[in-house]
Structure formats: structure tokens, C-alpha cells
Amino acid sequence: MGLPLLALVCCALMAWQHCAAEAAKARHFKWEISNMFWSPDCEEKVVIGINGQFPGPTIRARAGDTIHVQLKNALHTEGVVIHWHGIRQIGTPWADGTAAISQCAINPEETFTYRFVVDKPGTYFYHGHYGMQRAAGLYGSLIVDVAEGKEEPFKYDGELNLLLSDWYHESIHTQMVALSSKPFRWIGEPQSLLINGRGQFNCSLAAAHTQGANQCAAAVNTQCAPVVFPVQPNKTYRLRVASTTSLASLNLAIRNHKLTVVEADGSYVDPFVVDDIDLYSGDSYSVLLTTDQDTSSNYWVSVGVRGRLPKTAPALAVLNYGPNRASKLPALAPPVTPAWDDYDHSKAFTYRIRARAGTPRPPATADRRIELLNTQNKMDGHIKWSINNVSMVLPATPYLGSLKMGLKSTLAAARPAETFSRGYDVTLPPPNPNTTVGDNVYVLAHNTTVDVVLQNANALSRNVSEVHPWHLHGHDFWVLGYGDGAYRGDAADEARLNLRDPPLQNTAVIFPYGWTLLRFVADNPGVWAFHCHIEPHLHMGMGVIFAEAVDLVGQVPNEAVSCGATAAALMAGAHL
Ligand code: C2O
Ligand code: CU
């Protein structure tokens, strides 16, 4: 019958019909989203919380389960949506939670129910996807265990969860106004890094330990109390680590402990051992750690900034070896984060990520290649990020509903460019810095294989090229390769591609002045965002939209399209 062993045992005890339902569960959650006072780094601010919690509640399920989240928007004056980052939403594109793309934002006092299947075990998270609400603290963990009776391809005794983020003291409203102001006002670096929503501004944890309790609010305020991970000696732990930062690229290390990387973005990878791991916004990993060090001590867990000149102190947590007291100061100093601009270190880590044997392999060739030049540009004096010289703006009516209903008028007639000029010099600021705005919708035919070349380049200022982690909704892609300079598709570039064991991921970085080549199969009808996961960059237009076989999308729930032109069309009797 193909039923897992545990289910068979349960079958012996229950009626057969019960059993089939037992194997995959429906998991119900009732959430209310509201603004609330909170002190993530011991300074009191307003965060967007869920059911009075920050970060939001952890969702834990098994592969194959259906998640039902009945979400009430209790923000007084703003819409809201939640995106389930890394969940492909196969057959349920309207539950992807992207405002203006997959659904209408949920109005204040209204309720929307997300229903979707979590089909793949792995480490995921969820977050707001409207304006910059993620940066206001609207996020939480989503962990999918293997289906009942199945086993992970590695062993461990316990699990630790680390949801990493960064935190600004300015409200997201101030940040959004600054980013779209003329002249431009940069929001600067975050004030704090948070582990599981907790950090300490202006009071390092190490100082709190050495200088005594009175020096630090962290000692008295549980909302920003240092995170302690209790472990037992000589055991192996699975650390689930995910980054939902607004801006920062991170590096995680644990003093004196090696980390074995076993999972990335919900796919198993060929295990490899490192001293520290890089996480770009949108990344998630599982790493195994063995508590094989001197048991008389605790050890520092450190998370620091990479890829930008760090102005934010590392976040620290304590790996607490039992039976030591949690408050016992580690004997050794925290690990030092690699230099922010040591890109060789970053590349060495990223290039080691390979699929574990048994991972689906990519088709040998692609049907289409889309080349996307990432530049910073200007529009009427506003600074924008652009893709092939077009900066993305989202429409009043979400794409999924309007395309499904055939409301062509809601889309720009011109299709975005498939490539950019051959001779473009990626080492210089753009010769034509003037960009336009557009909806950047690429229409993909069903089941075609698409290659995307992400080409990084110099920003507006000389000698500046930033890291951008690109995230694709609705799919995993194979990361075929990375290279420095302009991608030419010549023999040398081809030689850099890995068709043998490329990792399946949903987020991949482009390094400064470099390129990254991704391949995916357009096998999931829907409308999917593909964008830089850095919140201010997305806000400044750094993304495109893939509209995929929308005619094959099933019945879109009315509540997903109850705004703009689709609401008007429904009232006039149109069908979904
Ligand atoms: Cu986690 Cu479109 O993002
Ligand atoms: Cu970016």
C-alpha cells in the first residue's frame, strides 16, 4: 500500500479510513496580526506581531500536511499578506501571499485563509510581503519534518532553531519615505542583529556577562534577553538556520565547533564541513554540530555582518553545555566574523554547495534564456534598482487575478527585454543611468525549461557593486554556476557550469561584478515574483514577475481578487 510503517501501526488500531487521513494532517492556525510595542534589542519600538508574539509562532508540520492559516488583519490602517518562503504552492498560486501579485492585500479587520500543502521536508520561514512589512518584524519559522515513517538522510539527537534577522530603530514608514525621496536618503545599516527576535543594542552580551546585570537592560527585559541554546555533551544537533534580514548578509560561527552543512533551502546537499556559514537574506540551511568540546565550558554563537562595511555589532548567543549554568561566561572569546569584503571566503563557501545524490537533476538544455542586468539607475532624480533598465512597480490589481480573467488592460503591452546590450561594461557605472518603471512581466510557456542569467554590475557610484540574493517564488531552481565579470556564454563560461550535481535552491546570490546562472522548469501555473530579497532593494524596484501558464491555474478564491479591476469585473459577472 506504500503506507509508512507508523501509519500501518495506527491502522491496526483504528478504522482504515481514519488511517489514510492520519498519514497527512490538516493543521489549523488562527492568527491575528497587529502592531504592538516590543523591545527586540531592548529599545522599545513598534513591531508587527502575530497573536501578541514577536517573532510570529513557529509552524511545524510534516511533509504532505495541509496548512490552514486563518489570518485576521488587526492593523488599523494597513493591508497585510503573508508569504511562505520556500513553499512552492503547487496548484495553489493564490496562497503565495504576495500583495499585488498573487492576491489583494487583506484589508484591516478582514480575514483571509491560506490553505496550502507543505510537500517537501526542510527549513523554511514566512514573512510579510507588502511594502516593507517584513522589516517591521512580520516573520516566523516554518519547519517541515519528513513524512510519518520516513527518515532524514542523516542522524541527530536534538534540534536548535535560529531565525536570524536585522533590526532598525526607524519605522518602516520612515524608511520607505526615505528610500523614495528626492534627494535620496539611504536608510543606513541596521541598529542590531537578532537571533530568534532578540538582540542587545548598545550592550553586547559579552559585556553583560562581564560587567554585571545592571549595565544591560537585557538582564531584566525578557524580550531582549540573550538567547541560550541548551545542549548535552557528546551529542549531535541539527541547527536550522534561516535569514530573513532586511539588508544584512550574515555569517554564523560557533567557537571551537565545526559545522556540517546538510540542507539548503529545503533540499539536501552533499554534506561538507566548515568553520562558519554565510547566509544571505532568504537563505536557510541545516547544519550538524557535535558537542565534542571541553564540557566544563559554554561557547559563544556569533552572527556578524558580511558584504557591507559592518556598523552593526555581532549578535551573540550561548551554547550552554549541560550541566554548566547558562550564565557561565564562555572561557573563549566569540569567533571573529570573516572580513566583510573577503569575497573569496564567501565564494569558497557558496561554491561548495552541491546536491546530495538522489536530488532531481536539471534538464540538459533550456528552451529559453533570460538575461537580467542588475543596475542602479535614476528616474526623475529618484534612485532605483533596475533590471534591463526597467525598475519594477506593482499594479493596483494583482497579476494573478487580472491575467486569469484576461483583463489585458491592467498590464503594460510591451514585454520586458530578454537581454541587454552585449558590450555593456559591468565594471563602470551605467552609461545611461535613466531608467523607466514597468511591470516587468515575463510570460512563460507551460513546462518549458528556463535559464536565467543574473548579471551584476557597477552601481551608480564608481567602484561599488553589491551582493544581491535573488529569490524565486513557486519553484526551486538549479544553481548551474557562478562567474566573475560579464557572462558571455562562451566555452570558458560553459566550463563553469555544473550539470552533474547542481544544488536545488530558491535563493541564490550574485557576487559583486559577477554572474549567476539558474535553471528551472516552468511547471507550476501561477504568477510568481523573482526578486532581490534585500527589502530596500525590492522596494526600489529590484525584481521581475514570471506569469506561467495562467490559463491552467485552478479556481482562484474570490477573496484573493476582491480589489481593483478584478473586483469590478466580478461584480459585472466575470468568472475566474
Ligand atoms: Cu522571502 Cu518574495 O520573498
Ligand atoms: Cu539587492
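A quick note: this is a predicted structure, and the numbers were derived from the prediction, not measured. For reference, positions follow the sequence shown, starting with 1. FYI, side chains are in, hydrogens and waters are out, and symmetry mates aren't considered; it's all heavy atoms of this structure. Numbering of ligands and ligand atoms starts at 1, following listing order.
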Determine, for Asp451 against Arg368, whether the closest basic-nitrogen to carboxylate-oxygen distance falls under 4.0 angstrom. no

Any N/O/S atom from His129 (main chain or side chain) under 2.8 Å of atom 2 (Cu) of ligand 1? yes

Run the side chain to side chain contact (heavy atoms under 4.5 Å, CB included) check on Trp528 and His475 step by step: do they pass? CA-CA 9 Å; Trp528 309 107; His475 310 76; 3.5 Å; yes

As a test of reading the structure, name the N/O/S atom of His537 that is nearest the Cu ion (ligand 2). ND1

In terms of the angle between their ring planes, are His85 and His127 parallel, tilted or perpendicular, with boundaries placed at 30° and 60°? tilted

Using the ring centroid of each side chain, check whether His531 and His533 are separated by less than 6.0 Å. yes

Please find out if atom 2 (Cu) of ligand 1 and some N, O or S atom of His471 are separated by less than 2.8 Å. no

Report yes if the distance between the aromatic ring centroids of Tyr139 and Phe125 is under 6.0 Å, otherwise no. no

How wide is the angle at atom 2 (Cu) of ligand 1 between NE2 of His531 and NE2 of His473, to the nearest 10°? 110°

Distance check below 2.8 Å: does His83 bring an N, O or S atom to atom 1 (Cu) of ligand 1? no

Nearest N/O/S atom of His468 with respect to the Cu ion (ligand 2), by atom name, please. ND1

Can you tell me if an N/O/S atom from Cys532 lies under 2.8 Å from the Cu ion (ligand 2)? yes

Ring centers of Trp31, Tyr126 separated by less than 6.0 Å: yes

Closest to atom 1 (Cu) of ligand 1, among the N/O/S atoms of His85, is atom ND1

If the cut-off is 2.8 Å, does any N/O/S atom of His533 fall short of it from atom 2 (Cu) of ligand 1? no

Measure up the Tyr351 and Phe511 rings against each other and bin them: parallel (under 30°), tilted (30 to 60°), perpendicular (over 60°). perpendicular

